[in-house]
Amino acid sequence: MKKRRRWICFLVGIGVLWAAAAFMLDHESRIPAFVIRHREDLEEIAVSCLQGDGAVEKYRGVKVEGVYSGEHEIVQFLYFAFGLVPSTRYYGFYYSQDDVPVPFQNAGAVLSQVSEEEWNWYDAGTDNGGRTKRITDHWFYYEAWF
């Protein structure tokens with residue numbers, strides 16, 4: 001009887017861990033919801049960064065990475081990252097003042113359009129890449145891997 005109860009507790013524990021991991025790793029739906037819920041505050045932070053004020057380093061646990069220059073300047077926010085080099089993934093979002101999608105950290109990689117609202121990029125000769133999706137006007141989700 002004790003063995004059966006332990007086995008059931010073990011299976012329930014595994015199920016709870018699996019469900020928690022699935023919930024925590026669902027960045028593609030959690031990040032857009034976060035941006036939409038806090039859009040007004042995030043937009044103030046982004047505009048402030050673009051004007052040269054980098055005083056805000058974090059907002060509700062999300063790191064404000066700052067301005068990345070290029071043809072289209074962005075303000076990038078890091079929501080979650082995991083892994084060790086050379087296998088790291090980054091998840092976040094960015095504000096594009098010009099409402100134009102860009103690759104991770106505006107690094108100059110070429111975006112390939114997947115759909116009307118989604119783009120991919122790959123670093124030639126490596127396994128580095130990423131994707132970006134429109135959340136709403138001026139706001140984009142990103143995922144990058146290295």
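One-based numbering along the sequence shown. Worth knowing before you read on, the calculation uses all heavy atoms, side chains too, and leaves out hydrogens, waters and symmetry mates.
The shortest non-hydrogen separation linking Ile74 to Gln76 is CD1-OE1, 3.8 Å. Heavy-atom minimum distance, Cys49 versus Val75: CB-CG2, 3.9 Å. When all heavy atoms are compared, the tightest approach of Ala109 to Pro103 is O-CG, 3.3 Å.
Remark: Glu57 CD is loosely packed, at most 12 non-hydrogen atoms of other residues, nucleotides or ligands lying under 6.0 Å away.
Interatomic distance, CG of Leu50 versus CD of Glu73, reported as 5.5 Å (0.5 Å rounding). Here Tyr95 contributes atom OH and Glu44 contributes atom CD; the two are 11.5 Å apart, rounded to the nearest 0.5 Å. In this structure, CG in Asn106 is found 8.5 Å from OG in Ser96, a value given to the nearest 0.5 Å.
Contact annotation: the side chain of Phe34 approaches that of Leu42 to within less than 4.5 Å [non-hydrogen atoms, C-beta and beyond]. Counting only heavy atoms from C-beta outward, the side chains of Arg39 and Thr136 approach each other to under 4.5 Å. Inter-residue side-chain proximity for Tyr90 and Leu78 is flagged as met; some heavy-atom pair is nearer than 4.5 Å.
Cluster note: Trp145 groups with Tyr122 through ILVMFWY side-chain heavy atoms spaced under 4.5 Å, whether in direct contact or through intervening members.
Residues satisfying the side chain to side chain donor-acceptor pair (under 3.5 Å) criterion with Ser112, sequence neighbours excluded, are absent altogether. For Tyr59, the side chain to side chain donor-acceptor pair (under 3.5 Å) partners are His38, Asp41, not counting sequence neighbours. Residues that satisfy the side chain to side chain donor-acceptor pair (under 3.5 Å) test with Asp98, not counting sequence neighbours, are His72. Looking at residues two or more places apart in sequence or on another chain, you find a side chain to side chain donor-acceptor pair (under 3.5 Å) between Trp139 and Glu43.
Under the 4.5 Å side-chain heavy-atom criterion for grouping Ile, Leu, Val, Met, Phe, Trp and Tyr, Val100 is not connected to Val35 through any hydrophobic cluster. Both Ile31 and Phe82 are part of a single hydrophobic cluster, where members link through side-chain heavy atoms under 4.5 Å apart. In the hydrophobic cluster analysis, where Ile, Leu, Val, Met, Phe, Trp and Tyr join through side-chain heavy atoms closer than 4.5 angstrom, Ile36 is grouped together with Phe80.
One side chain, Tyr68 or Gln105, offers a donor N or O that lies under 3.5 Å from an acceptor on the other.
Applying ring-ring contact (aromatic ring centres under 6.0 Å, His included) to Phe104 and the options Trp121, Phe146, Phe93 leaves one that passes, Phe146.
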Side-chain donor-acceptor pairs of residues 128-135 under 3.5 Å, sequence neighbours excluded:
from: Arg131; atom 1: NE; to: Glu143; atom 2: OE1; distance (Å): 3.2
from: Arg131; atom 1: NH1; to: Glu118; atom 2: OE2; distance (Å): 2.7
from: Arg131; atom 1: NH2; to: Glu28; atom 2: OE1; distance (Å): 2.3
from: Arg131; atom 1: NH2; to: Glu28; atom 2: OE2; distance (Å): 3.0
from: Thr132; atom 1: OG1; to: Tyr94; atom 2: OH; distance (Å): 2.9
from: Thr132; atom 1: OG1; to: Tyr141; atom 2: O; distance (Å): 2.8
from: Lys133; atom 1: NZ; to: Glu28; atom 2: OE2; distance (Å): 2.8
from: Arg134; atom 1: NE; to: Glu117; atom 2: OE1; distance (Å): 3.1
from: Arg134; atom 1: NH1; to: Asp99; atom 2: OD1; distance (Å): 2.6
from: Arg134; atom 1: NH1; to: Asp99; atom 2: OD2; distance (Å): 3.4

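Aromatic pair Tyr79/Phe77: centroids not less than 6.0 angstrom apart.
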